[in-house]
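First up is the structure itself, then whatever we jot down about it.
The sequence lines fix the lettering, A, B, ..., with proteins before strands; numbering per chain opens at 1.
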Number of protein chains: 2
Amino acid sequence: MKVKTAGGEQDVRALWFEDGELVMIDQRLLPRSLGTLRYRSYAAVAEAIRDMVTRGAPSIGAAAAYGMALAARAGEDLGEAAAAIKSARPTANDLFYAVDWMAARIEEGEDPAAAADRYAEAIIEKCAAIGRHGAHLIEDGHRVMTHCNAGALATVDVGTALAPIRQAWREGRRFMVYASETRPRLQGMQLTAWELVQEGIDHAVIVDGASGHVMRQGVDLVIVGADRIVANGDFANKIGTYEKAVLAKELGIPFYVAAPVSTFDLSTARGEDITIEDRPPEELTEVAGIKLAPEGVNVLNPAFDVTPARYVSGYITEKGILVAADISCMGVDAHE
Amino acid sequence: MKVKTAGGEQDVRALWFEDGELVMIDQRLLPRSLGTLRYRSYAAVAEAIRDMVTRGAPSIGAAAAYGMALAARAGEDLGEAAAAIKSARPTANDLFYAVDWMAARIEEGEDPAAAADRYAEAIIEKCAAIGRHGAHLIEDGHRVMTHCNAGALATVDVGTALAPIRQAWREGRRFMVYASETRPRLQGMQLTAWELVQEGIDHAVIVDGASGHVMRQGVDLVIVGADRIVANGDFANKIGTYEKAVLAKELGIPFYVAAPVSTFDLSTARGEDITIEDRPPEELTEVAGIKLAPEGVNVLNPAFDVTPARYVSGYITEKGILVAADISCMGVDAHE
């Protein structure tokens with residue numbers, strides 16, 4: 001992704017390998033400052049994933065892959081390294097997938113750092129393909145809405161939901177992006193808006209509750225990411241996604257989900273089978289360490305919601321734009 | 001409303017007249033502390049309204065009425081007092097209505113403080129009637145959702161959307177209230193939750209974007225307030241209301257608007273004729289003085305949205321529960 005600097009702009013990824021070290025943008029500092037941290041051991045990488053230095057399932061996967069490479073280069077026990085890295089976060093499937101994939105590559109004798117680079121490059125290439133397929137949906141003058149951060153920060157580079165937006169903008173089309181702020185953690189205002197500012201893409205941040213009002217005023221397209229898409233096309237994504245899908249249907253606005261094929265989980269039949277993680281109440285009741293809610297308040301903080309497939313116009317993947325009926329035809333090799 | 005104190009609980013209003021002074025809860029301090037401020041002059045009251053010491057259209061109206069009483073008791077020019085108080089806030093119709101109503105009562109020779117008391121008591125009695133009519137909708141075990149703060153703080157006492165909830169609870173029924181936090185100003189988390197905690201009513205605060213998810217899990221009833229209800233039944237209310245109305249329709253959940261007859265504006269034909277106020281971007285980008293958004297971010301901050309009448313199951317008023325077709329039969333005397 002482009003990042004504005006004092007001297008102009010430079011091309012930056014969420015994380016990369018350099019001089020035997022994993023370098024990661026510290027996303028906890030954004031949007032206030034763009035700083036990086038450097039890691040020399042798998043244990044430090046696991047801790048960084050736990051502490052959310054990087055976030056977003058594909059970025060977590062790439063960090064895990066480099067963590068395995070660091071372990072292999074240091075001649076450490078790969079079984080122990082795999083267990084430690086996998087324990088860093090409980091949800092992101094990419095974390096487990098990346099660790100196992102790296103263990104297999106190392107066993108095959110591939111150079112560990114080269115394999116991790118290949119893993120990260122594959123994510124970026126898939127995102128770029130999502131961008132090329134999805135960019136056709138965006139026309140000059142369009143108003144496009146997204147939610148949370150499914151951008152370069154979440155996917156090493158390019159993004160999923162932001163990939164078609166970046167691509168259409170680079171192809172010269174001019175349009176408006178509405179980014180809902182995405183309470184409680186404000187990834188829309190703090191990360192997506194930051195990426196859009198860096199690229200100079202026209203945008204407006206709105207509160208989540210204004211999504212319906214703005215859509216009713218006139219939105220041409222909604223594109224969101226996904227954490228998991230199951231066999232019947234139902235999908236889990238950041239809390240607030242389901243509302244936008246219902247509003248889009250009510251108002252006749254196309255609603256697209258952008259995700260690589262690796263996000264499809266064919267072993268789960270329906271959305272009802274997806275467990276929704278409840279997160280700590282402090283994510284709502286405190287902002288920047290300041291307590292905002294009254295004593296004695298009760299809070300419910302589901303991190304994700306599930307949107308039924310019937311609200312989805314299409315799934316923008318690296319293989320093209322699919323409809324729900326296509327998903328069951330993906331077969332068991334979807335992850336390769 | 002009940003308020004918990006060190007010694008037990010006491011009954012408190014948003015504002016009242018005492019020893020020749022207007023006393024108001026300083027709502028800017030809630031939920032951290034319950035403090036009051038005292039006012040001896042209309043000029044100080046006008047400034048307090050401007051500074052949002054009290055908020056909510058009916059509470060603003062009552063404060064304005066007491067401001068006129070203070071001006072009359074001090075023998076000040078009532079025309080000047082009326083102009084100064086009316087200039088305090090631009091939107092709330094109650095502000096202008098209360099000032100004119102007081103000027104007429106004073107001209108008729110009524111004691112100014114007694115007239116202002118009568119004005120405030122009338123608001124409370126209307127809210128209590130809304131509570132009695134609306135309480136029938138709430139059954140044991142129900143899950144009820146509301147938005148923003150249409151509670152006692154906004155209406156001197158009792159509330160509009162919160163009135164049926166209070167009444168049903170006092171009648172002994174036990175149910176769950178979901179309060180959406182209501183970004184950007186968090187009146188749901190900071191004021192509605194505070195009122196519910198004071199009354200000991202079971203509740204959970206959720207982010208606005210979780211409303212659809214929670215409704216889909218099972219909500220029996222949505223009750224919101226209104227800033228203005230026009231002749232065809234369309235109504236304006238806090239941003240985020242329209243989304244809940246659409247979701248309620250999609251999920252088959254009854255959706256009620258609670259408001260006194262004085263909130264109905266029969267001179268406006270349709271919702272499209274209501275102007276939506278855009279408020280400053282800092283309401284989103286800063287919380288408690290801390291800047292959260294990136295440099296260069298653009299923000300759209302509409303304070304209200306308009307919900308079409310077709311989404312409304314009924315209007316809970318002091319005269320009973322109305323449907324949209326009843327509104328045009330109210331006639332021109334609706335405000336008396």
Checklist entry - Where do P302(B) and H213(A) come nearest, in terms of heavy atoms and distance? => result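 Smallest heavy-atom distance, with atoms named: CG-CD2, 3.7 Å.
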Would a 4.5 Å heavy-atom cut-off, applied to side chains only, mark [X] and [Y] as touching?
X	Y	result
I290(B)	I290(A)	yes
E250(A)	Y311(B)	yes
L284(B)	V207(A)	yes
Y242(B)	L247(A)	yes
V306(B)	R216(A)	yes

Checklist entry - Going by residue number, which parts of residues 180-188 of chain A are within reach of chain B, meaning a heavy-atom gap below 4.5 Å? => result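 From residues 180-188 of chain A, the residues near chain B are E181(A), R183(A), P184(A), L186(A).
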Checklist entry - At a heavy-atom separation under 4.5 Å, does E295(B) approach chain A through its side chain, its backbone, both, or neither? => result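 Only the backbone of E295(B) comes within 4.5 Å of chain A.
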Item to check | Under 4.5 Å from any heavy atom of chain A - which part of V197(B) | outcome: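 Interface part for V197(B): side chain.
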Next on the checklist: Quick test of your reading of the model: are K244(A) and E243(B) salt-bridged, counting only N-O distances below 4.0 Å?
Outcome noted: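 Answer for the salt bridge query: no.
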Item to check | Residue part contacting chain B, namely of T241(A), when any heavy atom lies under 4.5 Å | outcome: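 For T241(A), neither part sits under 4.5 Å from chain B.
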Checklist entry - Which bit of L196(A) is near chain B, if near means a heavy-atom gap under 4.5 Å: side chain, backbone, both or neither? => result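 Looking at L196(A), nothing touches chain B.
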Next on the checklist: Is it the case that the side chain of H203(A) and the backbone of N298(B) share a donor-acceptor pair, with hydrogens and angles ignored and the cut-off at 3.5 Å?
Outcome noted: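 Yes; at least one donor-acceptor contact below 3.5 Å.
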Item to check | Pairwise distance CG(L300(B)) to CE(M176(A)) - rounded to 0.5 angstrom | outcome: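 These two atoms lie 7.0 Å from each other.
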